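Treat the numbers as computed from the prediction; the structure is a model and nothing was measured. FYI, side chains are in, hydrogens and waters are out, and symmetry mates aren't considered; it's all heavy atoms of this structure.
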Amino acid sequence: MIHHRPEGRGHAYLTEPDQRVPLRPLSGEAFELRATTDQGVETVQLELHTDGFVRVVDAELRGNAVPDIDPVWGVTVPRVDEGHLGEAVARLGEQPGRVSWVAEAPGPPLRYRFSADGHQTRWFDVVPTVWSAEGGTLSVAGSPAGRLLEESVEWLTDGDLSYRLRFVLRLEPGERVVGFGERFDSLDQRGRRVDTAVFDQYKGQGARSYLPMPFAIVVGGNFGFHVDTGRRCWFDVGATDPDLLCVEVDLEPGELDPVIALRLFEGEPSDVLRAFADVPAAAPPDWVYELWMSGNEWNSQARVMEEVERSKREGIDTGVIVIEAWSDEETFVAFNDAEYEPHPDGSPHQLADFTFPENGRWPDPKGMVDDLHARGIKVLLWQIPLLESDNGQAGCDRQTMIERDYCVRLRDGKPYRNRGWWFPGALMPDFTSPAATDWWLAKRRYLVDEVGVDGFKTDGGEHAWGADLVYADGTHGGETNNRYPLLYGQAYHRLAPVTFSRAGYTGSGVVPCHWAGDEDSTWEAFRASITAGLSAGASGVFFWGWDLGGFSGEVPTAELYLRSAAAAALSPIMQYHSEFNHHRSPSRDRTPWNVAERTGNAEVVDVFRGFTRLRTRLIPYLAAEGRRAVAERRPLMRALFFDAQDDERVWEFPYQYLLGDALLVSPVCEEGATTWATYLPEGEWIDAWSGERLEGPTIAERPAPLDQIPLFIAAARADALLPLVRPGELVEVS
């Protein structure tokens with residue numbers, strides 16, 4: 001067999017071995033045609049047709065896609081200054097794998113197909129493209145003087161359809177550029193290249209993101225911008241030219257007279273964010289500020305209750321438990337081991353339809369939830385918008401999705417089957433379809449209405465790959481793939497007031513809550529998580545947390561775990577979680593008692609308990625500040641530049657933040673630190689631990705014991721907050 005996919009499989013960052021590279025070559029510029037074959041193929045030929053000429057060229061063996069399988073063949077089509085296909089092939093006939101082509105756009109396409117051992121691919125076209133001032137409309141709202149260089153607006157076009165837009169914004173010296181959604185690599189993106197593709201990057205996110213947005217605040221410039229689109233955008237933020245922010249917008253698979261909206265905002269950072277996040281979110285219920293606990297191996301009712309009981313014995317109050325491994329991992333509707341009759345028509349089940357064996361993993365789900373509620377603990381269940389299995393009810397549901405057009409499809413009308421590595425081949429519900437959404441939610445409604453769960457961990461919204469996807473609302477993948485996790489979260493908010501999502505896009509702040517995704521237990525990941533929270537907040541996502549201490553690999557050191565726990569106690573959401581480890585011993589759970597046992601440090605539990613009690617005392621403050629964040633569109637966890645944008649020194653301390661209006665948090669995020677310097681911007685501050693009064697701007701260096709985190713209180717609020725931080729103590733403010 002021969003495989004050639006000009007667009008690849010839609011992977012945002014990987015060039016596939018059977019792609020056309022680049023997909024839309026410029027007129028007269030080099031490009032490459034690639035194909036893969038089965039083992040044993042000795043010759044692959046490329047047949048080319050253009051402008052009356054037909055030529056056949058031998059492809060060159062370029063290696064293997066995977067060692068020992070799938071040979072990769074390629075033909076390079078380089079630029080030549082003169083000649084046409086017929087003459088060029090004649091000249092290069094003794095050089096397999098190379099052929100020349102000259103065309104001007106608009107002009108005739110190059111048609112090609114591969115052949116080998118009697119097999120042929122279908123015909124494909126390469127249409128030459130050029131950059132032109134004509135090709136679409138950039139609609140601009142707002143007008144910060146001189147920022148948009150109007151002469152820079154260009155369209156990549158073949159004379160009929162447009163495939164990409166580019167334009168340039170001007171930057172001034174000293175300005176910082178913050179936002180672009182949740183970003184792990186840096187708070188200030190100036191000097192970097194950024195793109196907006198929702199992507200499941202398992203650990204070490206770098207410049208990739210689960211939750212990107214084509215939005216940024218230019219700090220010090222009194223403006224910001226938003227490319228109001230779901231299409232993938234590319235930003236060169238002064239990386240090529242330090243004075244220019246170059247923007248490109250993909251228009252795949254090609255559009256006739258496209259209109260792209262650019263919104264420009266004037267004002268200080270808070271003004272810009274308020275104008276951008278102009279759709280108010282509902283503040284989540286107060287219980288989200290309590291401690292969350294979770295472990296991927298807690299796959300039975302007995303194990304869940306054992307962990308809850310252990311937490312109670314250790315004096316660690318838990319307010320939320322997320323149960324990940326509850327379902328059969330096929331339907332994501334039925335509890336594991338539940339017995340029931342499948343519904344061939346895909347209709348929903350009720351609680352009475354299930355029998356739960358006494359010796360099964362979940363003998364009484366409703367009784368368990370009732371028990372947890374009686375203990376003051378809310379319950380979230382894990383979800384994923386993928387349906388892979390053809391067995392039992394899952395198979396019936398997949399058939400229903402196909403027959404009723406409830407799944408995302410491809411241009412050729414076939415169902416889209418997940419191209420990613422997680423649940424490969426799974427169908428995806430189409431949340432642009434009201435009927436599909438109603439059906440999908442109806443199957444889960446008994447979990448809320450009868451079992452009594454309080455929300456869902458809406459994981460895995462990153463698996464819409466490729467511009468060739470087609471949605472029920474008439475949009476294609478290039479427009480809607482990025483929006484998919486937002487649609488997913490919005491759907492589940494119809495069932496419950498709280499979702500806990502990893503992926504998102506512009507507007508995700510209206511569907512709280514979010515977490516930062518998968519990370520190792522390293523100091524680098526700890527710092528990256530803080531950066532992610534600050535950039536998410538600067539992009540309108542206010543109710544956010546991360547897996548404190550990391551969730552993957554070996555358990556963190558006691559020092560890393562407690563430093564991370566201290567920061568999490570003073571962030572919007574405090575939660576720990578651990579990755580599936582195949583139930584191997586010793587355990588890799590991130591419970592404080594397991595970390596204490598694994599590290600041999602018995603103080604871990606005591607110190608962790610102290611942080612959770614501090615957290616509990618601050619819940620009224622957090623809840624009030626959370627409501628204020630929603631009302632005023634100011635991040636609950638916010639970088640210092642929001643309140644001190646003219647103070648350059650705040651950028652020297654990128655991991656500090658304000659938690660609400662009155663608390664300045666300075667996480668200790670370097671291994672082995674015994675003292676820690678905190679920058680206090682202008683204003684009066686009270687050291688929460690010593691009671692010392694300090695006048696900013698100044699640097700306060702303090703001892704950094706493991707049971708404390710540098711914390712300062714705005715002096716005007718000290719009388720109310722000091723008793724919450726240090727109850728029962730007489731703290732003299734000096």
Next on the checklist: Please determine whether a side-chain nitrogen of the Lys or Arg among Glu554 and Arg598 lies less than 4.0 Å from a carboxylate oxygen of the Asp or Glu.
Outcome noted: yes

Checklist entry - Side-chain donor-acceptor pair under 3.5 Å between Asp520 and Thr522, yes or no? => result no

Checklist entry - Are a donor atom and an acceptor atom from the side chains of Glu306 and Trp298 found within less than 3.5 Å of each other? => result no

Checklist entry - Which of parallel (below 30°), tilted (30 to 60°) and perpendicular (above 60°) describes Tyr492 and Tyr488? => result perpendicular

Checklist entry - How close do Tyr289 and Arg615 get, heavy atom to heavy atom, and via which atoms? => result O-NE, 2.7 Å

Checklist entry - For Asp371 and Met305, what are the C-alpha separation, side-chain angles and deciding distance, and is it a side-chain contact (heavy atoms from CB on, under 4.5 Å)? => result CA-CA 9 Å; Asp371 187 354; Met305 298 310 297; 3.5 Å; yes

Checklist entry - Quick one: do Glu307 and Arg303 make a salt bridge, cutoff under 4.0 Å? => result yes

Next on the checklist: Determine whether Arg361 and Asp337 satisfy the following criterion, salt bridge (Lys or Arg N to Asp or Glu O under 4.0 Å), listing intermediate values before the conclusion.
Outcome noted: CA-CA 6 Å; Arg361 278 168 278 194; Asp337 295 336; 2.9 Å; yes

Item to check | Electrostatic pair Lys443-Asp438, nearest N-O below 4.0 angstrom | outcome: no

Checklist entry - Is it the case that Arg483 and Thr506 place a side-chain donor and acceptor less than 3.5 Å from each other? => result no

Next on the checklist: Determine whether Leu387 and Met401 satisfy the following criterion, side-chain contact (heavy atoms from CB on, under 4.5 Å), listing intermediate values before the conclusion.
Outcome noted: CA-CA 10 Å; Leu387 206 55; Met401 292 173 72; 3.7 Å; yes

Checklist entry - Below 4.0 angstrom, N of the basic side chain to O of the carboxylate: do Arg375 and Asp317 qualify? => result no

Checklist entry - What are the two closest non-hydrogen atoms of His463 and Leu386, and how far apart are they? => result CD2-CD1, 3.8 Å

Next on the checklist: Main chain of Gly477, side chain of Thr480: is a donor-acceptor contact present, judged purely on distance under 3.5 Å?
Outcome noted: no

Checklist entry - Distance-only, no hydrogens or angles: does the Thr196 side chain make a donor-acceptor pair with backbone N or O of Pro212 under 3.5 Å? => result no

Item to check | Between Asp397 and His343, a side-chain donor and acceptor under 3.5 Å | outcome: no

Checklist entry - Between CG of Asn482 and CG of Leu211, what distance do you get to the nearest 0.5 Å? => result 10.5 Å

Item to check | Trp593 ring center near Phe608 ring center (under 6.0 Å) | outcome: no

Item to check | Between CH2 on residue Trp544 and CG on residue Leu636, distance to nearest 0.5 Å | outcome: 11.5 Å

Next on the checklist: Return the CG to CD1 distance between Leu427 and Ile402, rounded to the nearest 0.5 Å.
Outcome noted: 5.0 Å

Checklist entry - With a 6.0 Å cut-off on ring centres, are Phe199 and His11 close enough? => result yes

Checklist entry - How far apart are the C-alpha atoms of Trp465 and Trp421, what are their side-chain angles, what is the distance that settles it, and do they pass the ring pair (Phe, Tyr, Trp, His ring centres under 6.0 Å) test? => result CA-CA 11 Å; Trp465 285 19; Trp421 50 85; 5.6 Å; yes

Checklist entry - Are Tyr340 and His349 close enough that their ring centres sit under 6.0 Å apart? => result yes

Checklist entry - What is the distance from atom CH2 of Trp440 to atom OG of Ser433, rounded to the nearest 0.5 Å? => result 13.0 Å

Checklist entry - Do the rings of Phe431 and Tyr484 sit parallel, tilted or perpendicular, given the 30° and 60° boundaries? => result tilted

Checklist entry - side chain to side chain donor-acceptor pair (under 3.5 Å) with Trp515: which residues, sequence neighbours excluded? => result none

Checklist entry - Does a salt bridge link Asp459 with Arg502, judged by any charged N lying under 4.0 Å from a carboxylate O? => result yes

Item to check | Carboxylate-amine/guanidinium proximity below 4.0 Å for Arg628 and Glu625 | outcome: yes

Checklist entry - Is Glu324 paired with Lys457 through a side-chain N to carboxylate O contact shorter than 4.0 Å? => result yes

Next on the checklist: Under a 4.0 Å threshold between the charged nitrogen and the carboxylate oxygen, would Arg627 count as salt-bridged to Asp286?
Outcome noted: yes

Next on the checklist: To the closest 0.5 Å, what do you measure between CG (Leu618) and CG (Leu659)?
Outcome noted: 8.0 Å

Checklist outcome for this item: Rounded to the nearest 0.5 angstrom, the CZ-CD distance for Arg208 and Glu462 is 13.5 Å

Checklist entry - Is the backbone of Gly610 close enough, under 3.5 Å, to the side chain of Asp606 for a donor and an acceptor to pair up by distance? => result no

Next on the checklist: Under a 3.5 Å threshold, yes or no: a donor from one side chain and an acceptor from the other, between Asn296 and Trp382?
Outcome noted: no

Item to check | Full working for side-chain contact (heavy atoms from CB on, under 4.5 Å) between Leu663 and Leu658 | outcome: CA-CA 6 Å; Leu663 297 180; Leu658 289 165; over 6 Å; no

Item to check | Short side-chain to backbone donor-acceptor contact, Asn594 and Asp589, under 3.5 Å | outcome: yes

Checklist outcome for this item: Looking only at heavy atoms, the pair that brings Arg419 and Gly466 closest together is NH1-CA, 3.7 Å

Next on the checklist: Is it the case that the side chain of Ser311 and the backbone of Thr318 share a donor-acceptor pair, with hydrogens and angles ignored and the cut-off at 3.5 Å?
Outcome noted: no

Checklist entry - Considering all heavy atoms of both residues, which atom of Gln205 and which atom of Phe184 are nearest to each other, and what is their separation? => result CB-CD1, 3.6 Å

Checklist entry - Taking the six-membered ring for Trp, is the centroid-to-centroid distance between Tyr576 and Phe551 below 6.0 Å? => result no

Next on the checklist: Using the ring centroid of each side chain, check whether Phe356 and Trp362 are separated by less than 6.0 Å.
Outcome noted: no

Checklist entry - So, Asp430 and Arg409, do they make that salt bridge, N to O below 4.0 Å? => result no

Checklist entry - Of all heavy-atom pairs between Phe332 and Gln383, which one has the smallest distance, and what is that distance? => result O-NE2, 2.8 Å

